Amino acid sequence: MFWLVRPPYVRWAVAAAIVVAALLWDLRDGAQILYPFASSAIAAGTPITDSQVVWRGIPEGTMEMPDLSDPVASRDVATGEPIVPSAVSGASLIPDGWWSVPIPLPGVAIPGTRVRLVGIETVFETDGIVVSVAGEDLLSFSETGMVAVPPNFAAVVAIAARDGTLIVLLDP
């Protein structure tokens, strides 16, 4: 006797009203804000310039705005990728006058990490700052990254790194 029961017209109307309301809500003109995207690839440890940023409209509240006052990329940013707060560090990683030296680094080192460099053969000890890490290229087997060091230690650090007599201590 189920064929004698009336169809649930009221439930169908309510469901249709909900679908229409959701469609209208989705089509409403939401507030847009301008958000920074990378117009070209940005390497970790390099300053982010205006020429590397393109501003695009996104719905307000989608992403948190990064601090772009004296910005430096804390990781590699690909072309077209949004520049999120975690991809930007506040200031230049390299102090004025310091030199960047290629050094074998542990895999856990990231740009901005403070390191202590200790020479074994030529005994020395100095601080450094990781500027960039080894490439993530699958064809590269190099563990070498760039570390900024004070100018009076640049030569001895470079020689020790080349000779394999350099110990790199990471700041926890």
Side-chain angles (χ1 to χ4, degrees), residues 1-96 98 100 102-116 127-148 168-172:
M1 294 252 201
F2 64 87
W3 60 86
L4 295 177
V5 179
R6 291 187 340 193
Y9 293 120
V10 174
R11 280 189 269 165
W12 291 348
V14 170
I18 291 173
V19 169
V20 169
L23 180 65
L24 291 174
W25 181 267
D26 195 37
L27 292 177
R28 69 177 165 58
D29 187 27
Q32 294 272 318
I33 61 167
L34 291 177
Y35 196 83
F37 285 78
S39 63
S40 61
I42 304 170
T46 59
I48 301 173
T49 62
D50 290 338
S51 64
Q52 295 172 313
V53 177
V54 62
W55 294 87
R56 297 182 187 154
I58 63 170
E60 188 174 13
T62 304
M63 291 186 270
E64 184 180 339
M65 188 66 72
D67 180 16
L68 294 178
S69 58
D70 192 24
V72 173
S74 59
R75 63 173 175 79
D76 290 337
V77 180
T79 303
E81 183 180 338
I83 302 173
V84 293
S86 63
V88 177
S89 65
S92 178
L93 295 175
I94 305 173
D96 288 340
W98 282 33
S100 292
I103 294 176
L105 292 171
V108 295
I110 59 170
T113 303
R114 295 210 170 266
V115 294
R116 188 80 172 153
D127 291 325
I129 301 171
V130 176
V131 176
S132 66
V133 294
E136 295 180 6
D137 182 7
L138 295 176
L139 299 176
S140 173
F141 297 105
S142 173
E143 297 288 327
T144 302
M146 297 297 284
V147 175
V168 179
L169 306 172
L170 294 177
D171 189 13

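Nothing here was measured: the structure is a model prediction, and the numbers come from that model.
Checked against side chain to side chain donor-acceptor pair (under 3.5 Å), R56 has no partners two or more places apart in sequence or in another chain. Judged as a side chain to side chain donor-acceptor pair (under 3.5 Å), and not counting sequence neighbours, the contacts of T49 are S51, Q52. With sequence neighbours left out, A43 forms a side-chain contact (heavy atoms from CB on, under 4.5 Å) with T46, D76.
Between V53 and S39 the shortest heavy-atom distance is N-OG, 3.6 Å. The two residues L34 and G57 have their closest heavy-atom pair at CD2-N, 3.9 Å. Annotation for V77 and A87: closest pair CG2-CB, 3.9 Å, computed over non-hydrogen atoms. The nearest pair of heavy atoms linking P66 to V88 is CB-CG2, 4.2 Å. Across A78 and A38, no two heavy atoms sit closer than the pair O-CB, 3.4 Å. In terms of heavy-atom proximity, P59 sits nearest to Q32 at N-NE2, 3.8 Å.
Checked by atom type and distance alone, the side chain of Y35 pairs as donor or acceptor with a backbone atom of E64 at under 3.5 Å.
R75 CZ to I42 CD1: the interatomic distance, rounded to the nearest 0.5 Å, is 10.0 Å. One finds the CD1 atom of I58 at 7.0 Å from the CE atom of M65 (value rounded to the nearest 0.5 Å).
When each of L170, V147, T144 is checked for a side chain to side chain contact (heavy atoms under 4.5 Å, CB included) with L105, only V147 meets the rule.
At a threshold of 4.5 Å between non-hydrogen side-chain atoms, the residues R114 and D127 do not count as touching.
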